[in-house]
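Accompanying notes for the structure given below.
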Amino acid sequence: MAQRFSSAALRAPAYASHPRPLLPSFACVRLLATLSKSQPCSAYLERTHPDGDAKPGSTVAETLARFSKSTLATYSRPQLLFTRGQGLDLYSAADPSTNQGKSERKYLDFSSGIAVNSLGHADAQIAQLAHEQSSRLIHASNLYHNEWSGELANRMVELTHQHGGMGIKSGSEPQLGALKVFLANSGTEANEAALKFARKSGKVLEKPGQTKTQLVSFTNAFHGRTMGALSLTPNPKYQAPFAPLIGDVVTGRYNSHEGLDELINENTAGVIVEPVQGEGGIYPASVEWLQAVRKRCDEVGALLIFDEIQCGLFRSGTLWCHSSLPTDAHPDMVTMAKPLANGFPIGAVLMRDSVAKLIAVGDHGTTFGGGPLASRIAHHVLGRLSDPKLVESMKKASEHLFGRLRLAVEMFPDLVHDRPDEGRPSPRGKGLLVGLSMAEPSYAGRVVALARERGLLVLTAGSDAVRIIPSLIVSKEQIDQAVDILESCLLVLRQELAAEKESSSTTKVGAVAAADNLGPSSTSPSLEQKRGYSTQAAAAEQGDSTVRSLYEALIDLGESWPKDDLRPDVHFGKEIISAAKRSLLVRPSSNEETLKRLTEKELDQTRQALEALRAIKGSQVLNEFPLPDKISRPASSPKYYERLLNTLDKAAKGKSVSLGWKERLDMFFGRK
């Protein structure tokens, strides 16, 4: 896995002894990518996981074709067939004839089934528990009690007192009857229930001559696809095919105080809002705005509903997304679903007792909601998600992810927009619900596709965002790999855009030239012009020859680089080739080998990189400088770092023995 170079994060790789030591991938990327100030990872430029490459007649192709004849196409799906998972890894079936003889491909899943699999795929404990419960009791209907739906409700209430939420400060003693739970089957069903409860509340509280039935949602919201939830999802793409929807629904502007008193009025029964909008683009609500909404709801007797289906249950770092907020920004009801049973269908509404008292027997119901199998799995998952060790690990993972993404944003200001003054900072979000706004809406979908073709699954959100929502068990190494892939994807996108621009420019120039040739004033170039052109062409040809020579030398070096039999996962030679293509080719992701024109300085830096790599491969560098004590030496290869450090010193002509890693690399790339 390619890693970003950081002097603070240097660690000795556990390479076994080898007569020709391997250089870490971060050094390869930075030794060869000489053409920009801050270098993104270029180890994933090549497409390794193509969509739909199964040949006609193969098992995969025939299976997908058969499914397409019987399955309603409500989703636009790539031609992938996932068959199994483990942790953050997903495996798709593949045609061996187009996949180097292998029958599956592995993907790193940073979509979590759209924020569902918080404990990862195929969790062993959940699988065992599901097996046990399904052999005892799966369904008995809600006409009777079962032993797990009540336990799940109890755990949810107790955890809310412990962590805070629903008007309760964290660490409070549990109060029996303060909160109640309704169990459903999905997120949209949970929202439907909450909206029904709000309407029932309005009818109970409305005064003579008043119609207290109005429901309020906000711009960019997504609350589900059933008729009620859809009516409060103000997106024409989702609503238009099914109009007319339910009536007496109004839409306010998210995070805006303007007109709030008119929006939420005496006729309002309920207000639904996402503390962090997920599908709408990863936009967190401000605390002050949520407090203002809460205050206005209290003034007019409206119920406040927080839709935490995507942002709740520790996805944002706390039990509820609002757990850490002041209690005067808490809701009357909170809806949840996605990660509650880690992929097993379930949804729920947690409500204050003041709401529960308004709901009578028979007001609402569900056939499958609260069944013993789903409830037992959810009870287990809630216990796991609330483990302090996991919560702490998740917070550290969030900090690392945001840190890596901030660096990526700095590298690609032309592709990723960071606009805090416009309410569109990048990265943004909370916990492990993260978004990046692209400079153009079309870029988001392209980055998602490029990432998938390199083995990483991420999503879009809103009109222009890339959504990153890994499982809460994600490791630092997996975050590094994911961001490395995203950086490579942005490099490819940049090259594609440059190629499109060049193609467009060439077409225009060609059209102008053709028009000139047809014109009556067209004349032959003068002798001086011919001589000048010949001189420039000769210089350009000589420069092209030099670049070609360097490029071929780097490719040969990469192809001949020895592999470490004890570390078959390390392909340093491939990284040399990938970085050489990125640095020296106009379109590194295509099969066309059109070379870049380099300045003399760039040519010199490339020569130094080639010389340095040859010196490392040939073990020709003398150990003139001592190894810093703070860098641990692999016992199996004690001279590894001396060779690397001294090669950098040699290339940079450094003379001081006190130079640190950062200073050495700065000198090597000509910054000092």
Side-chain angles (χ1 to χ4, degrees), residues 1-2 25 41-69 71 75-113 117 120-122 445-459 470-471 477-478 480-482 484-489 491-493 495-496 555 558-559 561 563-565 567-582 585 587-593:
M1 180 182 76
S25 57
C41 175
S42 60
Y44 299 92
L45 297 177
E46 302 300 325
R47 189 175 67 155
T48 55
H49 295 60
D51 294 341
D53 66 330
K55 292 182 178 179
S58 67
T59 301
V60 176
E62 288 190 347
T63 300
L64 291 171
R66 180 163 47 87
F67 289 176
S68 69
K69 295 176 182 178
T71 304
Y75 287 86
S76 176
R77 295 170 170 150
Q79 292 297 294
L80 297 178
L81 184 63
F82 287 118
T83 57
R84 67 185 183 96
Q86 186 65 56
L88 272 78
D89 294 328
L90 269 177
Y91 295 82
S92 73
D95 180 356
S97 69
T98 60
N99 191 41
Q100 299 178 340
K102 299 177 182 178
S103 61
E104 64 179 10
R105 288 192 178 104
K106 184 171 75 171
Y107 292 78
L108 179 60
D109 184 8
F110 265 53
S111 68
S112 301
N117 304 107
H121 297 284
R446 184 58 184 148
V447 168
V448 169
L450 289 171
R452 187 175 64 248
E453 291 174 343
R454 284 148 185 82
L456 174 68
L457 302 177
V458 290
L459 304 168
S471 299
E477 290 73 23
Q478 288 168 324
D480 283 334
Q481 182 183 2
D484 283 347
I485 294 173
L486 287 174
E487 288 178 2
S488 290
C489 292
L491 285 172
V492 173
L493 176 59
Q495 289 296 323
E496 288 179 347
I555 297 299
E559 291 176 345
W561 199 276
K563 286 198 65 176
D564 190 333
D565 295 333
R567 285 297 303 273
D569 56 312
V570 177
H571 300 287
F572 180 55
K574 287 185 178 179
E575 293 200 31
I576 293 177
I577 295 170
S578 177
K581 289 181 177 180
R582 164 67 191 122
L585 295 184
R587 301 181 185 87
S589 60
S590 71
N591 294 324
E592 180 183 349
E593 292 190 352

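The basis for the numbers below is simple: all heavy atoms, side chains too, and nothing from hydrogens, waters or symmetry mates.
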Report task. Quick one: list whatever passes ring pair (Phe, Tyr, Trp, His ring centres under 6.0 Å) with Tyr91, sequence neighbours left out. Result -> none

Report task. Identify, with sequence neighbours excluded, every residue that meets side-chain contact (heavy atoms from CB on, under 4.5 Å) alongside Ala122. Result -> Gln86

Query - Pairing residues for Ser97 by the side-chain hydrogen bond (donor to acceptor under 3.5 Å, both in side chains) criterion, not counting sequence neighbours - result: Asp95

Report summary line: Hits for side-chain hydrogen bond (donor to acceptor under 3.5 Å, both in side chains) against Gln79, two or more places apart or cross-chain, chain-then-number order -> none

Requested in this report: Can you sort out the partners of Arg105 under side-chain hydrogen bond (donor to acceptor under 3.5 Å, both in side chains), two or more places apart, ordered by chain and number?
Outcome: Asp53, Asn99

Report task. Can you sort out the partners of Asp89 under salt bridge (charged side-chain N to carboxylate O under 4.0 Å, His left out), two or more places apart, ordered by chain and number? Result -> none

Query raised in the report: Residues in side-chain contact (heavy atoms from CB on, under 4.5 Å) with Val448, at least two apart?
Result: Arg452, Val458, Thr460

Report task. State which residues pass ring pair (Phe, Tyr, Trp, His ring centres under 6.0 Å) with Phe67; sequence neighbours excluded, sorted by chain then number. Result -> none

Query raised in the report: Looking at residues at least two apart in the chain, or sitting in another chain, which of them share a salt bridge (charged side-chain N to carboxylate O under 4.0 Å, His left out) with Arg77?
Result: none

Requested in this report: Please name all residues satisfying salt bridge (charged side-chain N to carboxylate O under 4.0 Å, His left out) with Glu559, sequence neighbours left out, ordered by chain then number.
Outcome: none

Report task. Under the ring pair (Phe, Tyr, Trp, His ring centres under 6.0 Å) rule, collect the residues that match up with His121, sequence neighbours excluded. Result -> none

Query raised in the report: Which pairs count as side-chain hydrogen bond (donor to acceptor under 3.5 Å, both in side chains) when at least one residue sits in residues 54-67, sequence neighbours excluded?
Result: none

